Q: 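Submitted below is the structure of interest, expressed as structure tokens.
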Amino acid sequence: MTTPKNVLYVYCHPLPESFHAAIREAALAGLREAGHRVDLLDLYAEGFDPVLSAEGRRHYHDTAVNRRGLEAYVARLQAAEVLVVQFPTWCFGPPAMLKGFVDRLMMPGVAFDMSDPRHVRPILDSLKRIVGVVTYGRPRWMALAMQDPPRRLVTRYLRWFAASRARADYLALYHMNVATDAKRRAFLEKVRLKMSRL
């Protein structure tokens, strides 16, 4: 029996008819089975602005003002015990929309403390689990040849903000463009099962 947790589910895909929509539904079904409290953040549907503007960059280090316009997103991130990020791999990286979310939300006073720039400290203490649900158009060997930046983003970079105390899981479907229906169905079930056991 799992203990219900606050899950921030960051979903990043523009097409409602995509395979990613089916993955999301499988994941949400698994999370519901486990009784978790899910906050679905659909970056495209919510019209999230991924651009770090000149003004935003100018005040990035000023923790008194750097969350202006992002207060609601900051509150959602800080309330999360589990962070799930679901996205396709484009050009061997995350979509610009998700990269922008990371650029804008993982900032001083929210995700880390840099009052002493020589010793930057992660401060997302509420995060206990991070899960990546990612697809690739290319085979795994090619992603590995590129050092698999999406995997590193989830299992190393995002995990760092929780002082590396969070467990990181990574569910990847490589070479999706040639995946059979059976392989896609198996991935959907794998995702559902993983979420039901968080």
Side-chain angles (χ1 to χ4, degrees), residues 1-46 48 72-73 75-89 94-95 97-98 101-102 105-106 111 122 124-137 140 143 148 150-198:
M1 185 72 175
T2 60
T3 303
K5 300 174 184 68
N6 294 327
V7 179
L8 178 60
Y9 197 108
V10 180
Y11 177 74
C12 186
H13 199 288
L15 301 179
E17 71 275 17
S18 68
F19 180 60
H20 264 272
I23 296 172
R24 181 184 66 185
E25 289 313 305
L28 294 178
L31 291 168
R32 283 193 298 268
E33 286 174 33
H36 296 306
R37 297 171 292 274
V38 181
D39 177 4
L40 175 60
L41 170 47
D42 183 331
L43 294 174
Y44 281 95
E46 293 193 21
F48 179 78
Y73 290 110
R76 293 166 78 176
L77 177 62
Q78 291 181 329
E81 297 168 274
V82 178
L83 174 64
V84 179
V85 288
Q86 182 193 332
F87 59 94
T89 298
M97 179 69 89
L98 182 64
F101 177 81
V102 173
L105 268 293
M106 300 301 176
L124 274 179
D125 298 329
S126 62
L127 279 183
K128 308 303 180 197
R129 196 84 173 261
I130 298 169
V131 184
V133 183
V134 185
T135 61
Y136 297 71
R140 187 171 187 199
D148 208 344
R151 183 180 290 268
R152 288 171 179 252
L153 172 71
V154 173
T155 63
R156 295 187 186 186
Y157 186 67
L158 292 179
R159 186 170 176 257
W160 179 85
F161 294 109
S164 297
R165 289 188 296 270
R167 174 177 166 183
D169 297 291
Y170 196 74
L171 307 176
L173 177 60
Y174 292 91
H175 223 180
M176 189 186 81
N177 295 342
V178 297
T180 62
D181 286 345
K183 188 169 184 179
R184 290 184 181 217
R185 284 194 302 271
F187 186 70
L188 293 177
E189 179 57 18
K190 179 180 180 180
V191 170
R192 186 199 64 76
L193 196 59
K194 172 61 76 174
M195 297 300 165
S196 72
R197 295 176 176 175
L198 282 183

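Keep in mind it's a predicted model, so treat the numbers as computed, not measured. For reference, positions follow the sequence shown, starting with 1. Scope of the values below: all heavy atoms of this structure, side chains included, with no hydrogens, waters or symmetry mates.
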Q: Which atom pair, heavy atoms only, marks the closest approach of Leu171 to Lys190?
A: CD2-CE, 3.9 Å
Q: Between Arg159 (side chain only) and Ala166 (backbone N and O only), is there a donor and an acceptor less than 3.5 Å apart?
A: yes
Q: Atom CG of Leu83 and atom NZ of Lys128: how far apart are they, to the nearest 0.5 Å?
A: 13.5 Å
Q: Who are the ring-ring contact (aromatic ring centres under 6.0 Å, His included) partners of Phe48, not counting sequence neighbours?
A: Tyr73, Phe101
Q: Tyr9: which residues meet the side chain to side chain donor-acceptor pair (under 3.5 Å) condition with it, sequence neighbours left out?
A: Gln86
Q: Quick check: does any side chain N or O of Ser126 sit under 3.5 Å from a backbone N or O of Gln78, one acting as donor and the other as acceptor?
A: yes
Q: Of all residues at least two apart in sequence or in a different chain, which pass the side chain to side chain donor-acceptor pair (under 3.5 Å) check with Glu33?
A: Arg192
Q: Under 3.5 Å, which donor-acceptor pairs link side chains of residues 172-182 to any protein atom two or more places apart or in another chain?
A:
residue, atom, partner, partner atom, Å
Tyr174, OH, Asp148, OD2, 2.7
Tyr174, OH, Arg151, NH2, 3.1
Thr180, OG1, Lys183, N, 3.1

Q: Kindly write out the residues that satisfy salt bridge (charged side-chain N to carboxylate O under 4.0 Å, His left out) with Arg76, not counting sequence neighbours, or none if the list is empty.
A: Asp39, Glu46
Q: List in chain and number order the residues that pass side-chain contact (heavy atoms from CB on, under 4.5 Å) with Tyr157, two or more places apart in sequence or in another chain; answer none if no residue qualifies.
A: Val102, Leu153, Phe161
Q: Quick test of your reading: applying salt bridge (charged side-chain N to carboxylate O under 4.0 Å, His left out), list the pairs with at least one residue in residues 12-31, sequence neighbours left out, ordered by first then second residue.
A: Arg24-Asp42
Q: Please enumerate all residues that pass side chain to side chain donor-acceptor pair (under 3.5 Å) together with Arg37, with sequence neighbours excluded.
A: Asn6
Q: Restricting to non-hydrogen atoms, name the atom on Ala80 and the atom on Leu127 that form the minimum distance, rounded to 0.1 Å.
A: O-CD2, 3.6 Å
Q: Who passes side chain to side chain donor-acceptor pair (under 3.5 Å) against Arg167, sequence neighbours left out?
A: Asp169
Q: Is any side-chain heavy atom of Arg129 closer than 4.5 Å to a side-chain heavy atom of Leu198?
A: yes
Q: Please name all residues satisfying side-chain contact (heavy atoms from CB on, under 4.5 Å) with Pro14, sequence neighbours left out, ordered by chain then number.
A: Tyr44, Trp90
Q: Test: ring pair (Phe, Tyr, Trp, His ring centres under 6.0 Å). Region: residues 11-32. Which pairs qualify, not counting sequence neighbours?
A: His13-His20
